[in-house]
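These notes concern the structure reproduced below.
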Amino acid sequence: MSSVFPADSVGLVSPKVAHFDEPLSLACGRTLNNYELIYETYGELNATASNAVLICHALSGTHHAAGYHHADDRKPGWWDTCIGPGKPIDTNKFFVVSLNNLGGCHGSTGPSSRNPATGRTYGADFPVVTVEDWVHSQARLADRLGIQQWAAVVGGSLGGMQALQWTISYPERVRHCVSIAAAPRLSAQNIAFNEVARQAILTDPEFHAGHFVEEGQIPKRGLMLARMVGHITYLSDDAMGQKFGRELKTDHLNYDFHSVEFQVESYLRYQGEEFSTRFDANTYLLMTKALDYFDPAAAHGGDLARTFSEAQASFYLISFTTDWRFSPARSREIADALMDAKKNVSYLEIDAPQGHDAFLIPIPRYLQAFGGYMNRISV
Amino acid sequence: MRADLEIIQEWIPANSRVLDLGCGDGELLSWLQKNKNVTGYGLEIDPDNIAACIDKGVNVIEQNLDLGLGNFASNSFDVVVMTQALQAVHYPDKILQEMLRVGRTCIITFPNFGHWRCRWYLAHKGRMPVSDFLPYTWYNTPNIHFCTFADFEALCRDMQMTVLDRLAVDRLHRHNFGSRNWPNLFGEIGIYRVTGANAR
């Protein structure tokens, strides 16, 4: 391993692809006859395969959670703060598996892949996938890797929802569930924000009803707007205030609608534009639907405690005080249901100004508490 | 184990479900899990204590007692414990009521402000008692609701609680001739096991 990487980095990593030919039945009623999942692994699987940890990604996440693809990469994987030697998810102890979910746009089969049935890009024809579907596909990846039971399934936000779903769908295959900044289901407000994002994409003339690839176009504008509105919900009012305030980019007001005047405008436009060049619009639609549809208690008359009645895992829930997308109250709903169901659960509320994004940020108490829990998992 | 916890554990039946309010570093629950097959949760707000609970493998929930126990169903625990926290909560009577609702029995420990040393300090110096055991001054103390054993028992009567067991001990948690016969004068810490009017 090269010395150009920090000592607590997993270093240079390269993704692998698993191809599946067993048909996967989806919640929507359709079936995927074959599909691929791209994934990375960090650390070594032990002889009894008892040290495996699954990382589930959030809305715009990828399989590249830690380390570097190239020696000259500017940034490591998206959760490098938490995965590596001596980090909360310690790769000296654990074998970490991180995949790109089905429907994604980073190498797993999704709307931007070729549909073998037609020979054309799936586009809008790719089925709507749910958190449950993802968990089933992840279980097949676990089978492929020889992992009968995860030491832990870990995720933040939408990833935390997958971690919860694992304990419901495969209770005997998860020993610990670490669900960070998650919610047991979306609120009307959450769904409303997602709908604004979807409308931005769907009404972009360059979306072409989802078949933009074939038209040789990208609904950049829609995707950019979707990301901008999403980004607002990831930050707290305080965080935005501290970062930008009412600071101007120019020294005077232009009294027009075209100029980028406030720093916050500039930041959002940059975030949106950057995102629109690297993310697939159909995948974005799918991810927001998966969020909206997630409601494991719906099958149990809305009773969340009963939903977890078969779970065998121990649960660790973490929320952040200024997260208003999935506020601490949402994590407490999960904690209360788990206590009601007499499950092992611990719940932490980390004082952090960063809002929902806090789960990606190296906040000392967060990292310490996260690592503290992971350390006592026996493998 | 801390001496008061040593006494309390004897009052907690094996295999019971316990809620520990202000569980500190989780010492009691950890011991009970290992030795009496007890299950349950500790509620705590101090980050270091919470981290210590996690290290011990104790289920800990970050929750402020002053916001009540509204998230717990009635009679959902066999025993609800609160050690050395009654004097630090904003509404001692309300938290007691909540404990009695959530647990079939409750165990409470608190310092006795009627102890002779407190009385002597106040009478002699005319100032609020400060000691090694309660080292704070009036303006920075987390202990905002001091009471004596007599006060507590009056509250028990008002709230129609039944006192099942009581023990007055000194700061080393020994009980002696004095604390047995004149608890409100010679007992420094009260350990009570109570049950509500509705419970059997």
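Here is how names work: the chains are called A, B, and so on, in the same order as the sequence lines, proteins then strands, and each is numbered from 1.
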Neighbour count above 12 (heavy atom, 6.0 Å) for A/E310 CD: no

Residues, nucleotides or ligands: over 12 heavy atoms within 6.0 Å of B/E6 CD: yes

Max heavy-atom pair count under 4.5 Å with chain B, selected residue of A/I350, A/V345, A/D340, A/L317: A/V345

Donor-acceptor contact below 3.5 Å, side chain A/S346 vs main chain B/I61: no

Greater than 12 external heavy atoms within 6.0 Å of A/D237's CG: no

Nearest heavy atoms of A/G372 and B/I54, plus distance in Å: C-CG2, 3.9 Å

Whether over 12 other heavy atoms sit under 6.0 Å from B/K34 NZ: no

Main-chain N/O of A/E349 paired to B/E62 side chain as donor or acceptor, under 3.5 Å: yes

Greatest number of heavy atom pairs closer than 4.5 Å to chain A - which of B/I50, B/L19, B/N71: B/N71

A/H300 atom NE2, neighbour heavy-atom count above 12 within 6.0 Å: yes

Nearest atoms (heavy-atom pairs only) where B/R17 meets A/M339: NH2-O, 3.1 Å

CD (B/E153) with more than 12 external heavy atoms under 6.0 Å: yes

Which atoms of A/D336 approach chain B - backbone, side chain, both or neither, heavy atom under 4.5 Å: side chain

